J.: 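Before we start, here is the structure in question, set down as structure tokens.
First the proteins, then the strands, lettered A, B, ... as listed; each starts at 1. On a predicted model such as this, the values are computed, not experimentally measured, just so you know.
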Amino acid sequence: MNDTERPLNFIEHIIEEDLKNGFSNEALRFRFPPEPNGYLHIGHASSICLNFGLGLRYNAPVNLRFDDTNPAKEEQEFVDAIKRDVEWLGYKWDTERYASDYFQQLYDWAVALIKAGKAYVDSQTSEEMANQKGTPTEPGTESPYRNRSVEENLSLFEAMKAGDFEEGQHVLRAKIDMTSSNMLMRDPIMYRVLHKAHHRTNTDWCIYPMYDWTHGESDYIEQVSHSLCTLEFAMHRELYDWFLDQVVDQNKIRPKQREFARRNLSHTVVSKRKLAKLVAEGVVTGWDDPRMPTISGLRRRGYSPESIRNFADTIGIAKRDNLIDVSLLEFQVRDHLNKIAPRVMGVLDPLKVVITNYPEDKEEWITAENNPGDEGAGNREVPFSRELYIEKADFREAANKKFFRLKLGHEVRLKNGYIIKAESCTKDTDGNITEVQCTYDPKSKSGSGTEESLRKVKGTLHWVSIKHAITAEVRLYDRLFTDESPDTHKDKDFMDFINPDSLEVITGYLEPSLKTAKIGDQVQFQRMGYFCVDTDTTPEKLIFNRTVGLRDSWAKIEQKN
RNA sequence: AGACCCGUGAUGUAACGGUUAGCAUACAAGAUUUUGAUUCUUGUUGUAAAGGUUCAAAUCCUUUCGGGUUUUCCA
């Protein structure tokens, strides 16, 4: 990581300040704490890159901690998916932890709190408690159970743990301040009864600790030095600190919670509920649909871990609201794929070209560079013959000189091959061009070194020999939503902004070298974009996803006119 | 409404009282190019507003304006 010269973000400033004030570099420790109740998305990726990036920068351990305190929502499946995604992003955690590992410790501490008169069992309904909570401007009122004796609280809490009560009958609350301007300090719930099997502790417990009571204490148990979370938790900090005050040992590290703004990516949604709806309603095929902002979706789409890390790096971390244009992400994939993706030729919207002066039975194999920017990428052979496909968009009967592709009476270079000249074309009854007749200059072969081959012709087209082409299903993806911020409109539902053209499935005609392409392979279809082999691919059927198109300044020129 | 947080070009971010406010993207122009890609060069746009403190303010203070968070037995 060559980030020695990169300016520091505000979190790093905080850490540098701590270091300067005598905090030991060896005591630095971070954590990434997902709840295993769904799939990770691009927003999580930022958090992962932040925490693990800090670990790398300061050579400090980073734990992967599952915040698994709600058995109603959490599953092992998600634990596995999260681990896979973090690994895929290229990070190694120091230890794998679970908040559920701390249930006993948390319970013991809760008992101590009761004994200290700082927690009590409340036996009201949730409605009653909500009514007593007050509002941001009005103080709350105290529960009638607030001053139960320690003995009564202890026996009730033990009975809660023993399973003597139904869900909702009792909760354990911290006794703080019902008049606090911070609603979270108005006697927050620490435990609730939940008769649900947990994916790890099974039925060992029927009371489960709440987030606030769990998170800071888990950080403390793991001796996390800097606990980073999103801005929504800023108000929780006061409670985080209050809970810590109850258990912290002066000789140990006291974790510090700091908050950063969640990264919002344009043209997408990331809330679990909304993504689930997209899946449930069949807008996408699943959580790993290449249009989804999930890590698994991005992976399937062909994004590389490196491009996502670079993205996280360039967008940085701060506290202000943001809406990051998805083009910043797209730039990073292009940038990375440009370096590593082998170049191949594939025609996606074919138009037949016949080279009339090329012998009918002749074929030749032409050497093509795999990556002009990478000497080590080597070469491959591409077949050339009399009948080829080019893109429909690459031929016009007539056009101005800004159009430097094929037009009648003019020449163009076939990439890696010959210079051809369009002589005539044929049309169907509707006037659509069905075939272009060309002649080629036999001495103009690429790399032959002849005077003819060195001739400058403005346009260069990709092509594929019809006889040798293999076909593949090609899935052209576009952004899922037409609005840059689909879920922020008060009067409209995010579903109203679904892009009806987010997926176009076509048949592509590809050079035969692609026959051996394997799932996950990433290539550049020259002049078209970056593509990867989809997981739906079978030995019988090859499927490509378009990761992202190339920059297209021609499209801009055309648009202007 | 209270409390808390936040306002730097089209987007993201940096500058932490001290050069012409930097970097990436975007956009524009030019060069190179057997990908209208890449690469290279150059350029364009910004400190929400008003007051103050100071020799000096994006940075400190005040006010206004704007945005966000906060009232789940979720995390």
Side-chain angles (χ1 to χ4, degrees), chain A residues 6-10 13 33-35 37 67-70 72-74 122 125-126 129-130 133-138 140 167-173 180-184 186 189-194 208 210-212 214-215 229-238 259 261 263 266 272 310-311 313-332 334-335 338-339 343 345 368-369 372-373 402-405 412-417 419 446-447 453-454 456-462 484 524-529 549-558:
Chain A
R6 179 173 60 79
L8 305 181
N9 61 45
F10 84 99
H13 278 295
E35 182 189 11
N37 70 340
D67 226 332
D68 56 347
T69 57
N70 185 3
K73 291 185 178 173
E74 297 149 7
D122 198 336
T125 63
S126 56
M129 283 192 283
K133 195 114 198 196
T135 69
T137 44
E138 297 162 294
E167 292 181 10
Q169 251 184 296
H170 305 280
V171 292
L172 184 73
R173 299 177 74 176
S180 172
S181 61
N182 182 350
M183 304 282 287
L184 289 159
R186 323 246 260 225
I189 293 169
M190 295 171 67
Y191 276 94
R192 79 284 210 186
V193 174
L194 223 48
Y208 290 93
M210 303 293 288
Y211 167 85
D212 288 298
T214 309
H215 204 93
C229 60
T230 48
L231 241 26
E232 306 90 275
F233 292 97
M235 294 296 231
H236 293 247
R237 187 148 115 197
E238 192 180 357
E259 311 84 14
R263 288 12 312 261
S266 76
K272 211 156 292 166
N310 289 345
F311 171 68
D313 218 48
T314 53
I315 63 174
I317 214 75
K319 293 186 83 165
R320 54 167 116 99
D321 303 326
N322 57 81
L323 181 61
I324 298 152
D325 201 292
V326 69
S327 62
L328 259 43
L329 213 207
E330 291 170 343
F331 166 80
Q332 294 295 342
R334 286 196 191 101
D335 191 48
N338 176 47
K339 295 184 186 106
R343 271 58 171 170
M345 293 196 287
E369 277 180 309
K402 271 192 179 163
F403 183 85
F404 38 86
R405 280 122 103 131
V412 89
R413 157 80 63 186
L414 291 178
K415 180 80 186 169
N416 303 312
I419 293 172
S446 291
S453 73
L454 297 171
K456 296 282 177 203
V457 276
K458 189 64 181 162
T460 300
L461 308 184
H462 63 280
E484 64 172 11
Q524 185 199 90
F525 288 177
Q526 283 182 111
R527 304 209 304 135
M528 302 307 286
L550 257 31
R551 258 189 68 194
D552 190 356
S553 48
W554 167 239
K556 279 177 215 155
I557 294 167
E558 269 200 313

J.: Any donor-acceptor pair under 3.5 Å linking the side-chain atoms of A:Ser446 with those of A:Arg413?
T.: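 Judged by distance alone, the side chains do pair up.
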J.: May I have the distance from A:Glu259 (atom CD) to B:U70 (atom P), rounded to whole angstrom?
T.: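 Taking atom P of B:U70 as the reference, CD of A:Glu259 is at 13 Å.
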J.: Tell me the interatomic distance from A:Arg343, atom CZ, to B:U38, atom C1', rounded to whole angstroms.
T.: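 After rounding, the gap between these two atoms is 7 Å.
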J.: Within the structure shown, what part of the strands sits under 4.0 Å from A:Asn182 by heavy-atom distance: base, sugar-phosphate, or nothing?
T.: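 No contact.
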J.: With a non-hydrogen cut-off below 4.0 angstrom, is A:Lys339 in contact with a base, only sugar-phosphate, or nothing?
T.: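 The answer is nothing, as A:Lys339 stays clear of every strand by at least 4.0 Å.
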J.: Quick one: A:Ile315 CD1 to B:A26 P, roughly how many Å, whole number?
T.: 16 Å
J.: In whole angstroms, how far is the C1' atom of B:U33 from the CG atom of A:Leu550?
T.: 14 Å
J.: Have a look at A:Ala318 and say if it touches a base, only the backbone sugar-phosphate, or nothing, with a 4.0 Å heavy-atom cut-off.
T.: sugar-phosphate
J.: Short question: side chain of A:Arg186, backbone of A:Ser180 - any donor-acceptor pair under 3.5 Å?
T.: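 Flag set: sc A:Arg186 to bb A:Ser180 pair under 3.5 Å.
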J.: Choose from B:U33, B:C73, B:C74 the nucleotide whose nearest atom is closest to any side-chain atom of A:Met129.
T.: B:C73
J.: Indicate yes or no for a side-chain donor-acceptor contact from A:Glu74 to the backbone of A:Asn70 under 3.5 Å, with no hydrogens or angles considered.
T.: yes
J.: By nearest atom, which of the nucleotides B:G36, B:U25, B:A75 is closest to the A:Met210 side chain?
T.: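 So the nucleotide nearest the side chain must be B:A75.
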J.: Keeping A:Arg527 on the side-chain end and A:Phe525 on the backbone end, is there a donor-acceptor pair under 3.5 Å?
T.: no
J.: Is there a donor-acceptor contact under 3.5 Å from the side chain of A:Asn182 to the main chain of A:Met235?
T.: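 Side chain of A:Asn182 to backbone of A:Met235: a pair is present.
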J.: Which nucleotide, if any, forms a Watson-Crick or G-U wobble pair with B:A3, using both distances under 3.5 Å?
T.: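 Matched B:A3 with B:U69 under the 3.5 Å cut-off.
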J.: So A:Ser553, base contact, sugar-phosphate only, or nothing? Heavy-atom distance under 4.0 Å.
T.: sugar-phosphate
J.: For the side chain of A:Arg334 and the backbone of A:Gly529, is there at least one donor-acceptor N/O pair under 3.5 Å apart?
T.: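 Answer holds: no.
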J.: Can you tell me the base-pairing partner of B:A21? Count Watson-Crick or G-U wobble geometry only, both distances below 3.5 Å, and say none if there is no partner.
T.: none
J.: Of the listed nucleotides (B:A75, B:U11, B:C16), which one gets closest to any side-chain atom of A:Leu328?
T.: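 Minimum distance to the A:Leu328 side chain belongs to B:U11.
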J.: How would you label the contact of A:Lys319 with the nucleic acid (heavy atoms, under 4.0 Å): base, sugar-phosphate, or nothing?
T.: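 If one applies the 4.0 Å heavy-atom cut-off, A:Lys319 turns out to touch the sugar-phosphate alone, with no base involved.
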J.: Is A:Arg413 touching bases, backbone alone, or none of the nucleic acid, heavy atoms closer than 4.0 Å?
T.: base
J.: Rounded to whole angstrom, note down the P distance from B:A37 over to B:A31.
T.: 13 Å
J.: Taking atom types as they are modelled, would you say the side chain of A:Arg405 forms a donor-acceptor pair with the base of B:G36 within the 3.5 Å cutoff?
T.: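 Present.
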J.: How do A:Ser446 and A:Met235 order along RNA chain B: which one's closest nucleotide is nearer the 5' end?
T.: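 Its nearest nucleotide lies further toward 5', so the answer is A:Met235.
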J.: NA contact type, A:Tyr211, heavy-atom cut-off 4.0 Å: base, sugar-phosphate, or nothing?
T.: base
J.: Can you tell me if the side-chain N/O atoms of A:His13 get under 4.0 Å from OP1 or OP2 in B:A15?
T.: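 Answer yes for this pair, as a side-chain N or O of A:His13 is under 4.0 Å from OP1 or OP2.
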J.: Quick check for you: among B:C27, B:A3, B:A14, whose closest atom lies nearest to any side-chain atom of A:Arg551?
T.: B:C27
J.: Quote, to the nearest angstrom, the C1' distance that separates B:G46 from B:G36.
T.: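 It comes out at 32 Å once rounded to the nearest Å.
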J.: In this structure, how many angstroms lie between the P atom of B:A24 and the CD1 atom of A:Ile317, rounded?
T.: 20 Å
J.: Under 4.0 Å, heavy atoms only, any strand: does A:Asn9 hit a base, just the sugar-phosphate, or nothing?
T.: sugar-phosphate
J.: What integer number of Å spans the C1' atoms of B:C65 and B:A49?
T.: 7 Å
J.: Using a 4.0 Å heavy-atom cut-off across all strands, classify A:Phe403 as base, sugar-phosphate, or nothing.
T.: base
J.: If the P atom of B:G22 is compared with that of B:C4, how far apart are they to the nearest Å?
T.: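 One P to the other, the span is 35 Å.
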J.: Return the nearest nucleotide to the side chain of A:Thr460; candidates are B:U34, B:A15, B:A14.
T.: B:U34
J.: Taking the side chain of A:Ser126 as heavy atoms from C-beta outward, which of B:U35, B:U25, B:C73 is closest to it?
T.: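 My answer, after comparing the listed nucleotides, is B:C73.
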J.: Work out how far the C1' atom of B:A57 is from that of B:U62, and round it to whole angstrom.
T.: 15 Å
J.: Let me know the distance between CG of A:Asn416 and C1' of B:U34, rounded to the nearest Å.
T.: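 Taking CG of A:Asn416 and C1' of B:U34, I get 7 Å after rounding.
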J.: Categorize A:Gly447 for me: base, sugar-phosphate, or nothing, with a 4.0 angstrom heavy-atom threshold over every strand shown.
T.: base
J.: Return the orientation label for the A:His236 and A:Tyr211 ring planes: parallel under 30°, perpendicular over 60°, tilted otherwise.
T.: perpendicular
J.: At under 4.0 Å between heavy atoms, what does A:Phe233 touch on the DNA or RNA strands: base, sugar-phosphate, or nothing?
T.: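 Contact class for A:Phe233: base.
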J.: Is it the case that the base of B:U35 and the side chain of A:Arg527 share a donor-acceptor contact (distance under 3.5 Å, atom types as modelled)?
T.: no
J.: Nearest heavy atom decides the nucleotide; on that basis, is A:Gln526 or A:Arg334 closer to the 5' end of RNA chain B?
T.: A:Arg334
J.: Do NZ/NE/NH1/NH2 and the carboxylate oxygens of A:Lys73 and A:Glu35 come within less than 4.0 Å?
T.: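 Looking at A:Lys73 and A:Glu35, the cut-off is not met.
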J.: Take atom P in B:U38 and the same atom in B:U25, then report the distance between them in whole Å.
T.: 11 Å
J.: Applying a 4.0 Å non-hydrogen cut-off, can you work out what A:Leu323 is touching in the nucleic acid: base, sugar-phosphate, or nothing?
T.: sugar-phosphate
J.: Look at the side chain of A:Lys415 and decide which nucleotide, out of B:U34, B:U11, B:U38, has an atom nearest to it.
T.: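 Nearest to the side-chain atoms of A:Lys415, counting from C-beta on, is B:U34.
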J.: Does A:Gln524 make a side-chain donor-acceptor contact with the base of B:U35, cut-off 3.5 Å?
T.: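 Looking at the base of B:U35, it does pair with a donor or acceptor on the side chain of A:Gln524 (distance under 3.5 Å).
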J.: Under 4.0 Å between a side-chain N or O of A:Lys458 and OP1 or OP2 of B:G36?
T.: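 For B:G36, neither OP1 nor OP2 has a side-chain N or O of A:Lys458 closer than 4.0 Å.
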J.: Using purine N1 to pyrimidine N3 plus N6-O4 or O6-N4 for Watson-Crick, or N1-O2 and O6-N3 for G-U wobble, both under 3.5 Å, which nucleotide pairs with B:C40?
T.: B:G30
J.: To the nearest Å, how far apart are A:Asp122 CG and B:U72 P?
T.: 15 Å
J.: Looking only at atom C1', what distance separates B:C27 and B:G12, rounded to whole Å?
T.: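 Their C1' atoms lie roughly 16 Å apart.
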J.: Among B:G68, B:A1, B:C27, which is the nearest nucleotide to the side chain of A:Asp321?
T.: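 From the listed options, B:G68 comes nearest.
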J.: Base, sugar-phosphate alone, or nothing: which one does A:Gly373 contact when heavy atoms must sit under 4.0 Å apart?
T.: nothing
J.: Just checking A:Thr69: base, sugar-phosphate only, or nothing, at a heavy-atom cut-off of under 4.0 Å?
T.: sugar-phosphate
J.: Any ion pair linking A:Asp552 and A:Lys556 (charged N to carboxylate O, less than 4.0 Å)?
T.: no
J.: Looking at B:G2, B:A75, B:U35, which one has an atom nearest to any side-chain atom of A:Pro136?
T.: B:G2
J.: Could you tell me how far B:C60 sits from B:G66 if I compare only their C1' atoms? Round to whole Å.
T.: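 Roughly 22 Å separates the two C1' atoms.
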J.: State, with a plain yes or no, whether a side-chain heavy atom of A:Arg6 is found less than 4.5 Å away from one of A:Asp313.
T.: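 Answer yes - side chains close enough.
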J.: Without decimals, in angstroms, what is the distance between A:Ile324 CD1 and B:U25 C1'?
T.: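 To the nearest whole Å, that distance equals 12 Å.
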